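Because the structure is a prediction, the values reported are computed rather than measured.
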Amino acid sequence: WVLLVCMLLGVRGVHAQINRQKQQADRSFYSQQYGRAINDYIQLLRNDSITDDNRREVLYNLGYAYKEVGDMPKAETVFRQFIESGEPGPKYQQAYLYYAQVLGYNGKLDEAQEVYTLHQEQKDKLATSSPTGPRTAGVPQEAMYRLENPNINSKGSEFSPAYFRD
């Protein structure tokens with residue numbers, strides 16, 4: 001019994017430590033301190049106890065951070081790992097776009113075009129399955145506007161210098 005209790009406490013301690021590290025990394029990321037966030041995310045990825053959902057979020061943020069600091073080869077590698085780990089859902093709908101941009105920057109234009117096509121397909125799929133009802137993706141929606149011309153101009157000069165403390 002004692003061994004079982006110790007093991008359970010140890011597992012809880014590891015998960016608490018991972019959550020603290022992730023919160024610290026996320027704080028750096030959302031504060032646009034990408035260098036610090038990159039280091040923290042790399043440390044998190046080295047831990048085998050990280051959950052799959054957290055691993056995907058860390059990979060996405062790490063790829064974006066690399067992209068923002070201009071390290072496009074590493075951004076490409078990380079976004080590739082992210083996409084290979086599963087289909088990006090609505091939360092990560094920009095993953096294909098960022099990956100295509102990085103590929104294009106790295107000179108892999110044909111592959112970038114293929115990934116951009118995947119981004120468009122995913123974007124269209126999300127647009128047609130939106131909770132506000134079916135829409136035709138890519139087609140502008142009609143909007144009604146009424147333009148009025150309020151007569152606020154007079155024949156006199158509306159603008160003139162203002163004198164302060166003569």
(message) Please determine whether residues I42 and L59 belong to a single hydrophobic cluster, defined as Ile, Leu, Val, Met, Phe, Trp and Tyr linked transitively by side-chain heavy-atom distances below 4.5 Å.
(response) yes
(message) Working to the nearest 0.5 angstrom, can you tell me the gap between D53 CG and K91 NZ?
(response) 8.0 Å
(message) Which heavy atom of I38 sits nearest to which heavy atom of A65, and what is that distance?
(response) CG1-CB, 3.7 Å
(request) Treat each ILVMFWY residue as a node, draw an edge where side-chain heavy atoms are under 4.5 Å apart, and state whether L45 and Y66 are in one component. (result) yes
(message) Please find the pair of heavy atoms, one from A100 and one from A112, that lie closest to each other, and give the distance.
(response) O-CB, 3.4 Å
(message) So, taking the atom named CD in Q81 and the one named CZ in R56, what distance separates them when rounded to the nearest 0.5 Å?
(response) 12.0 Å
(message) Looking at every non-hydrogen atom in both residues, tell me the closest pair between G63 and A75 and how far apart they are.
(response) O-CB, 3.6 Å
(request) Could you point out which residue of Y41, Y99, Y60, Y64 forms a ring-ring contact (aromatic ring centres under 6.0 Å, His included) with F82? (result) Y60
(message) Any salt bridge linking D26 with K22? Criterion: basic side-chain nitrogen under 4.0 Å from a carboxylate oxygen.
(response) yes
(message) Tell me every residue that passes side chain to side chain donor-acceptor pair (under 3.5 Å) with Q101, counting only those two or more places apart in sequence or in another chain.
(response) K67
(request) Could you please spell out the steps behind the salt bridge (charged side-chain N to carboxylate O under 4.0 Å, His left out) verdict for K108 and E114? (result) CA-CA 10 Å; K108 301 176 181 177; E114 291 173 15; over 6 Å; no
(message) By the salt bridge (charged side-chain N to carboxylate O under 4.0 Å, His left out) test, which pairs, at least two apart or in different chains, include something from residues 31-50?
(response) none
(request) Measure the spacing between CG of L44 and CG of N39 and express it to the nearest 0.5 Å. (result) 11.5 Å
(request) Rounded to the nearest 0.5 Å, what's the gap from CG on N106 to CD on E76? Could you check? (result) 5.0 Å
(message) Using ring centroids (six-membered ring only for Trp), state whether Y116 and Y96 fall under 6.0 Å.
(response) no
(message) Same cluster or not: V69 versus V58, using hydrophobic residues (I, L, V, M, F, W, Y) connected whenever any side-chain heavy atoms lie under 4.5 Å apart?
(response) yes
(message) Using side-chain heavy atoms (C-beta onward) and a distance below 4.5 Å, is H119 in contact with Q94?
(response) yes
(request) Treating Ile, Leu, Val, Met, Phe, Trp and Tyr as nodes and any side-chain heavy-atom pair under 4.5 angstrom as an edge, say whether L97 and I83 lie in one connected cluster. (result) no
(request) Go through the steps to decide whether N54 and N19 satisfy the test side-chain contact (heavy atoms from CB on, under 4.5 Å), and finish with yes or no. (result) CA-CA 9 Å; N54 280 342; N19 286 338; 4.2 Å; yes
(message) Counting C-beta onward and ignoring hydrogens, is there a side-chain heavy-atom pair between Q32 and E68 closer than 4.5 Å?
(response) no
(request) State the CG-CD distance between L118 and E87, to the nearest 0.5 angstrom. (result) 8.0 Å
